[in-house]
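Accompanying notes for the structure given below.
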There are 2 protein chains.
Amino acid sequence: MSIGEQHIVKSYDIELGKLGDALARMGGLAEAQLAAAIEALENRDGEQAAEVVGGDARIDSLDAFINEQAIKVLALRAPVADDLRTVVTALKIAGEIERVGDLAANVAKRSLVLNQLPPVAQTRSVSRLGRLSLAMVKDVLDAYLGGDSERALVVRDRDQELDEIHSALFREILTYMMEDPRTITPCSHLLFIAKNLERIGDHATNIAEMTHFRITGKSLPEERIKCDTAASLGGLPGHDTI
Amino acid sequence: MSIGEQHIVKSYDIELGKLGDALARMGGLAEAQLAAAIEALENRDGEQAAEVVGGDARIDSLDAFINEQAIKVLALRAPVADDLRTVVTALKIAGEIERVGDLAANVAKRSLVLNQLPPVAQTRSVSRLGRLSLAMVKDVLDAYLGGDSERALVVRDRDQELDEIHSALFREILTYMMEDPRTITPCSHLLFIAKNLERIGDHATNIAEMTHFRITGKSLPEERIKCDTAASLGGLPGHDTI
């Protein structure tokens, strides 16, 4: 290998490294934002919630950086095989993490609104749902960074449990609203907070699938069992992932 | 140019063309799915709603095809400049369209649930919101296919109007629930349908920004005015884009 080639290889590794570092940092921030949003909800802590709302911009700018960096590597280095998968999945995973950040910020925004209303008992159940979604985010980021495809698939499988808990919680909150119509306003916000947390589980699942693809080069079949809302017409939806 | 080179250039164009065709088809399907979902909601048409739910799989498989095709072009052709932007934005826009399809399917799922409950007057206002989001999707896809950056930016600017209408509608539905608690269940589904439609506007906005980037090579600054839920604590959120 000539000195020139060594130089090229080295700067290529540096650029791929920058991409990986930015993604790791972005993931860490999103995880911290989500943890803080759940805490702020539990403790009716307006200051902490406002910090989460303000902190989302950092995640957004890391997303923009990753997009630029990925395009730069594609243009200048024309990566193939493993490296190409790393760049393309970085681009896509950054988009997923950006949404997790948005959803965490939305939980914080709504908890600021809840702080102005009388407390509702169901907040505790919603924050438990939040801890489950947080654990999924943490585990899938660890799986991605550790290159652990098996661990990623375990996260993917846990999404169904999250969907079921969300579904039961949806019914519980609705019943509460009917029993005491004065709680309609805070409970409707809780419904959306719960939905945001359930959506975070979907993004963790997407990251799990992309992690599997990055490591193995194979896409997963759409085998996840999704309960069909339309099939339980009398009931309430909750298994849909929207 | 040798015959060999001609051949290479031609098959490259064919591959880029395949990517463009798949994206155009995917966009057309998503637009049709959304239109059908809104119609099914208005007319309490369970058959049409069920078709929309079933039709989402076609959009998902086009998304998978575009992902594969994009990675293939990146690996084999190492595109630069304009072509690279085309491939990368195709990858990202496909993700946005896939979400529009999911959201349309969710509107259809929830309208199936609504069909089992007494009709609610606000359904008409929600379907009007749906027509606005549909117009945004249609216009942004036209802008992308026509390579019209100006038109894309007009769509982006319209998202604020959609957010405002959604916000007013959210308040209206909540008031209705409080006045007549028997409507809590159907109205809570309407709240989520309205939210899905508002989210579709956000995806149209994202596609507008990506279209602008594809054509000009420049990212847009985050200049969109977003009303801050946290700043209107007594009120109800609606300007958040989650």
Side-chain angles (χ1 to χ4, degrees), chain A residues 46 49-50 53 57 60-61 64 67-68 70-71 74-81 84-85 87-88 91-92 95 99 102-103 105-110 112-113 115-116 170 173-174 177-178 181-182 184-185 188-189 191-192 195-196 199 219 222 228-230 232-237 240-242, chain B residues 46 49-50 53 57 60 64 67-68 70-71 74-81 84-85 87-88 91-92 95 99 102-103 105-110 112-113 115-116 170 173-174 177-178 181-182 184-185 188-189 191-192 195-196 199 213 219 222 228-230 232-237 240-242:
Chain A
V53 175
D60 290 346
S61 54
N67 273 282
E68 275 169 35
I71 290 175
L74 289 171
L76 301 180
R77 306 298 177 183
V80 290
L84 177 57
R85 285 205 306 277
V87 176
V88 171
L91 203 63
K92 291 182 76 94
R99 286 295 304 147
D102 279 350
L103 291 162
N106 190 253
V107 169
K109 277 185 196 169
R110 290 196 188 263
L112 283 168
V113 181
N115 288 354
Q116 309 299 308
F170 191 95
I173 297 172
L174 224 63
M177 287 161 94
M178 289 189 243
R182 287 168 306 174
I184 286 176
T185 300
S188 72
H189 289 295
L191 283 179
F192 278 96
K195 188 49 154 176
N196 288 339
R199 282 293 303 151
S219 295
E222 275 296 323
D228 187 3
T229 307
S232 59
L233 293 180
L236 296 163
D240 54 70
T241 57
I242 309 299
Chain B
V53 175
D60 290 346
N67 273 282
E68 273 169 36
I71 290 174
L74 289 172
L76 301 180
R77 306 297 176 183
V80 290
L84 176 58
R85 285 206 305 278
V87 176
V88 171
L91 203 64
K92 290 183 75 93
R99 286 295 303 147
D102 280 350
L103 291 162
N106 188 253
V107 169
K109 277 184 197 170
R110 288 198 190 261
L112 283 169
V113 181
N115 287 354
Q116 310 298 309
F170 191 95
I173 297 172
L174 224 64
M177 289 162 93
M178 289 189 242
R182 286 168 307 174
I184 286 176
T185 301
S188 72
H189 289 296
L191 283 180
F192 278 97
K195 188 49 154 175
N196 287 339
R199 283 293 303 149
F213 172 73
S219 296
E222 275 294 323
D228 187 3
T229 307
S232 59
L233 292 179
L236 296 161
D240 54 69
T241 57
I242 309 299

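Below, chains carry the letters A, B, ... as their sequence lines are ordered, and counting in each starts from 1.
Only the side chain of B/Leu84 comes within contact range of chain A, judged by heavy atoms closer than 4.5 Å. Using a 4.5 Å cut-off between heavy atoms, A/Leu191 touches chain B through backbone and side chain atoms alike. Only the side chain of B/Asn67 comes within less than 4.5 Å of a heavy atom in chain A; its backbone stays farther off.
Atoms CZ and CZ, from A/Arg199 and B/Arg199 in turn, are 8.0 Å apart once rounded to the nearest 0.5 Å. For the atom pair CE of B/Met177 and CE of A/Met177, the computed distance is 3.5 Å after rounding to the nearest 0.5 Å. For the atom pair CG of B/Leu174 and CD1 of A/Ile184, the computed distance is 7.0 Å after rounding to the nearest 0.5 Å.
Between B/Phe192 and A/Phe192, the ring planes are parallel. Angles under 30° get that label, and only those over 60° would be called perpendicular.
Of the listed residues B/Ile71, B/Leu91, B/Val80, the one with more heavy-atom pairs under 4.5 angstrom with chain A than any other is B/Ile71.
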